[in-house]
Amino acid sequence: MAEQNADNSEPFAHESAQGADFPPEKSQGAPSADDRVSAANREAFGLIGLRQGAGGDRTRGTRARRAGRASGARPETTVKILDRGWAAPLVVGPLDAPARPGGELAVVQAAAAAGLPAVVSAFAERSLAELASAADVPPWLRTYAFRDRDTARHLIARAEDAGVGALLLALGDRSRVRARRVAAPADLGVRGPFDDVRTLLRDRADRADVVWLRAATALPLLVAGVDDAPDARRALDAGADGVVVTALDALPEVAEAVAGRCPVLLSGGVRRGADVLAAIASGADAVFAGRPVLDGLRAGGRAGVSEALDGLVGEFADAMAFTATATVTDIGPEVIRTGPRRADRPPDRLPDRAPGRAARPLRKSELHASVSDPVLDTMTFLNEITSRYPEAISFAPGRPYDGFFDSEQIFGHLRRYLDHLAEQGSSPRQVRTAMYQYGPTAGQIREIIADSLRADENIDVPAESIVVTVGAQEAMLLVLRALISGPDDVLLVSSPCYVGITGAARLLDVAVTPVDERDDGFSCADLEAAIRSERARGRRPRAFYVVPDHSNPSGATLGPRARSELLELAGRHGILVLEDSPYRLVSPGPRHPALKSMDQGHTVVHIGSFSKTVFPGARVGFVVADQPVVDDSGRTGLLADELAKIKSMVTVNTSSLSQAAVAGALLAADGRVSELNTAAAAYYGDAMAATLRELDRHLPAKRRAALEVHWNEPTGGFFLTLRVPFRTDNAALIRSAQDFGVIWTPMSYFHPGGGGPHGIRLSTSYLTPAQITEGTARLARFIEAQSGH
């Protein structure tokens, strides 16, 4: 720090000490990712200078500090973190590998004497009760993602009894934890010794562990391993009371993201008091002091730790005096002067990169904001829960039942399509080209799809109005990209709604306005009110997305009258209706007319998919876009033509092999997909009926009235929804999976405007009758227990 300290020597330059920074726990061998982050912080600190404040004191050292104390001019270093006062913005440790016998106790006592909290490990040599009783300042506990939740519960209970001040949990792979042999720690309640403590831990600590810990204890909980602002927001959403950032250059964005809602701490690379001030100026509320403390412990035990802490706090006060900051709250970004980073130096001054050395990692904050949107994380979190509890019965996946698929059918479908091409007069060379080349961007089976729509749905449109897509998801992306032309254009959605449409909108920076369903389903009056409201705000509603048949996630279906009202309203207000109905042809019983079949004014863009009706792995969907489009010269084309142009820059075309397999299935059924799926529709109908029957058996009317539980009764599709008296958040989902062996989907995932805090989505399509019977019994037990009755 050139302006603040002319002596840039590094008194603690040895980087091989074990366990000196948080969260790293170094292993032998090559430097870990955590070591590289700590080294990067050291480099970043070295490029920071402090600006001398008005009246700032350039004098340094013990004589100046003593003079400051004598004159009463010494800056005030105290802070308040987590409602506790500390002598300085420092957390001591953690030291997971004490440098000498009794080292943990020595560090705790020295830290307390200095008015600072110390961090102790769950694998400490001494009990938490002994360590906590030896200090006036409550120590913090570094905990882990244990394989056995009972071990974690036992440890938390001991921590609470001992009066521990906070818990620290580092996210990430357990390989970051140093292999070490320990006896049986009394606070874990398990027998030892353990040759490697990592055998007690799960492979990875993730957000689910944060949610679980938050539900298991009232102790303050800090989450380490936070890399950027989205990570920090997710930690807060999971229940963290503070976040620990590993990279100095991430501090400003994280501090801005949390906006004072919790303390932000920095770990790694802090060696001097000026480093502490630089971290505070960059957005931290406090820092972890590990390496200087460990060196002090090695050199002189408790006295060495005290000397190291006294020196660090004194240097911090010197830095404050230099910058003329009287209190810690006065420290802001204006007190630091940042020099050029290595990457900014002229090319002739760049050092040669060592072979194999990794480039600077990308910051997620530098990527598009959609990659950090919670809607893109929902399925990932469900997959984490499903993989963690493989014995649980899952009502989460909304996919077709595997029992209807036969691998040999694919070859039959392909042969049927090849025969069709030959029957249409294609030569062997033309057939070969159709299968092996890209094919037309808009698709090569459009005529077959158009015939199927006429036969099965009474949708009569020309083949050129169809674009074959890579599943319905690409169709949504293409339609939104074409229709939304500016920041004032708005997409309206029936809410709760399928996450695919809101995810696509987020990727394209499309504004989404939810139109909330009522208890009896979607209301056209609510849609009209939303349209008027958006226009009053100066925005332009462009389209309304709806799943009119057996909606995902609610299971609701629009009646005939509501369908007519919707088309009339859309025509009157000049908006398009995006109809997405993947479950119509795999549901039993009579069907209401598709919106597109009722469309007389080119108001409906129909989005279709063969994932539920043929097989998901084909990844073939389509969009019917017969809306006329007039260009500046007066020439009229179809919206489908514009979608094909966009597709040519996205996926180029949909797989010819996949199109062939789907086309063969359609040809074999004479275009009647509903007949192709007669057995499947009956199965799904039976599964829905069985689920409703079993729910009623385990939670009869009188009992669910007492519990304030109710559910809808869809006539088809894959989904139904329950309302319960408790919050159906991620913590409840984890408890349901772990303690009751049943998985479901929180309805809050499907509310783009927020909502659904007491809703559960159940998918019935993928389960066997035996799984439905057992799964609903487990679900009922969970609801009873969670309701507290």
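Quick caveat: nothing in here was measured; it's all calculated off a predicted structure. Just so you know, residue 1 is the first one in the sequence shown, and it goes up from there. Basis for what follows: all heavy atoms, side chains included, without hydrogens, waters or symmetry-related copies.
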*Over all heavy atoms of both residues, which pair between Leu219 and Ala159 is shortest? Give the atoms and the distance, please.*
CD1-CB, 4.1 Å
*Which word best sums up how the rings of Phe288 and Trp140 line up, parallel for under 30°, tilted for 30 to 60°, or perpendicular for over 60°?*
perpendicular
*In sequence, state the C-alpha distance, the side-chain angles, and the governing distance for Phe750 and Tyr498, and then conclude on ring-ring contact (aromatic ring centres under 6.0 Å, His included).*
CA-CA 6 Å; Phe750 304 97; Tyr498 171 55; 8.3 Å; no
*Which word best sums up how the rings of Phe782 and Trp744 line up, parallel for under 30°, tilted for 30 to 60°, or perpendicular for over 60°?*
tilted
_For a quick test of reading the model, state the closest non-hydrogen atom pair linking Ser121 to Leu141 and the distance between them._
C-CD1, 3.8 Å
*asked:* Quick check on side chain to side chain contact (heavy atoms under 4.5 Å, CB included): which of Ile734, Leu779, Thr386, Ile393 does Ile743 satisfy it with?
replied: Thr386
*Kindly say whether Ala229 contributes a backbone atom to a donor-acceptor pair with the side chain of Glu253 at under 3.5 angstrom?*
yes
_Ser581 and Asp549 side chains, donor-acceptor separation under 3.5 Å_ = yes
*Please round to the nearest 0.5 Å and tell me the distance separating atom CG of Asp161 and atom CG of Leu128.*
10.0 Å
_I'd like to know whether Phe522 forms a ring-ring contact (aromatic ring centres under 6.0 Å, His included) with Phe544, so could you lay out the CA-CA distance, the side-chain angles of the two residues, the decisive distance to 0.1 Å, and finally the verdict._
CA-CA 12 Å; Phe522 161 73; Phe544 173 64; 5.1 Å; yes
*Going by atom types alone, do Tyr389 and Asp739 pair a side-chain donor with an acceptor below 3.5 Å?*
no
*Could you grab the distance from atom CG of Leu491 to atom CD of Glu534, nearest 0.5 Å is fine?*
10.5 Å
*Using the ring of Trp212 (Phe, Tyr or Trp, six-membered ring only), decide whether Arg207 places NZ or CZ under 6.0 Å from its centre and within 45 degrees of its axis.*
no
*Could you pull out the closest heavy-atom pair between Arg202 and Asp206, with the gap in Å?*
NH2-OD1, 4.4 Å
_Quick check on the 6.0 Å ring-centre criterion: do Tyr144 and Phe123 meet it?_
yes
_Please determine whether a side-chain nitrogen of the Lys or Arg among Arg234 and Asp231 lies less than 4.0 Å from a carboxylate oxygen of the Asp or Glu._
yes
_Arg693 and Asp696 ion-paired at < 4.0 Å_ = no
*asked:* Can you give me the closest heavy-atom contact between Ala132 and Ala162, atom names plus distance?
replied: CB-O, 3.3 Å
*Which residue, Arg158, Glu160, Arg153, forms the side chain to side chain contact (heavy atoms under 4.5 Å, CB included) with Ile156?*
Glu160
*Have His368 and Asp509 got a donor and an acceptor in their side chains that come within less than 3.5 Å?*
yes
*asked:* Set out, in order, the CA-CA distance, both residues' side-chain angles and the distance that settles side-chain contact (heavy atoms from CB on, under 4.5 Å) for Phe726 and Ile783, then state yes or no.
replied: CA-CA 9 Å; Phe726 51 86; Ile783 292 173; 4.3 Å; yes
*Between Asp209 and Arg149, is there a side-chain N and carboxylate O pair less than 4.0 Å apart?*
yes
_Against Ile501, only a single residue in Val479, Leu477, Ile607, Leu480 fulfils side chain to side chain contact (heavy atoms under 4.5 Å, CB included); can you say which?_
Leu480
_Distance, nearest 0.5 Å, that separates CZ of Arg735 from CG of Leu733_ = 12.5 Å
*asked:* On the six-membered ring of Phe740, is Arg781 placed so that its NZ or CZ lies under 6.0 angstrom from the centre and within 45° of the ring axis?
replied: no
*Criterion side-chain contact (heavy atoms from CB on, under 4.5 Å) on Val254 and Val243, from CA distance to verdict*: CA-CA 9 Å; Val254 171; Val243 295; 4.1 Å; yes
*Minimum-distance pair of heavy atoms, taken over all atoms of Leu767 and Ser394*: CD2-O, 3.4 Å
*Taking every non-hydrogen atom, the tightest pair across Arg214 and Ala238*: CB-O, 3.9 Å
_Just verifying a value: how many Å separate Ser523 OG and Leu558 CG, rounded to the nearest 0.5 Å?_
10.5 Å
*Within a strict 4.5 Å, meaning less than it, do heavy atoms of the Thr246 and Asp227 side chains meet?*
yes
*Calculate, to the nearest 0.5 Å, the distance between atoms OG1 and CZ belonging to Thr773 and Arg778 respectively.*
11.5 Å
*Enter the distance from Ser495:OG to Met747:CE here, rounded to the nearest 0.5 Å.*
8.0 Å
*Charged N to carboxylate O below 4.0 Å: is that the case for Glu784 and Arg703?*
yes
*Aromatic ring centroids of Phe719 and Tyr583 under 6.0 Å?*
yes
*With a 4.0 Å cut-off, would you call Asp402 and Arg399 a salt bridge?*
no
*Arg147/Asp203 ion pair, N-O < 4.0 Å*: yes
*Are Val287 and Leu265 close enough, and set up right, to give a side-chain contact (heavy atoms from CB on, under 4.5 Å), and what steps lead you there?*
CA-CA 5 Å; Val287 302; Leu265 294 89; over 6 Å; no
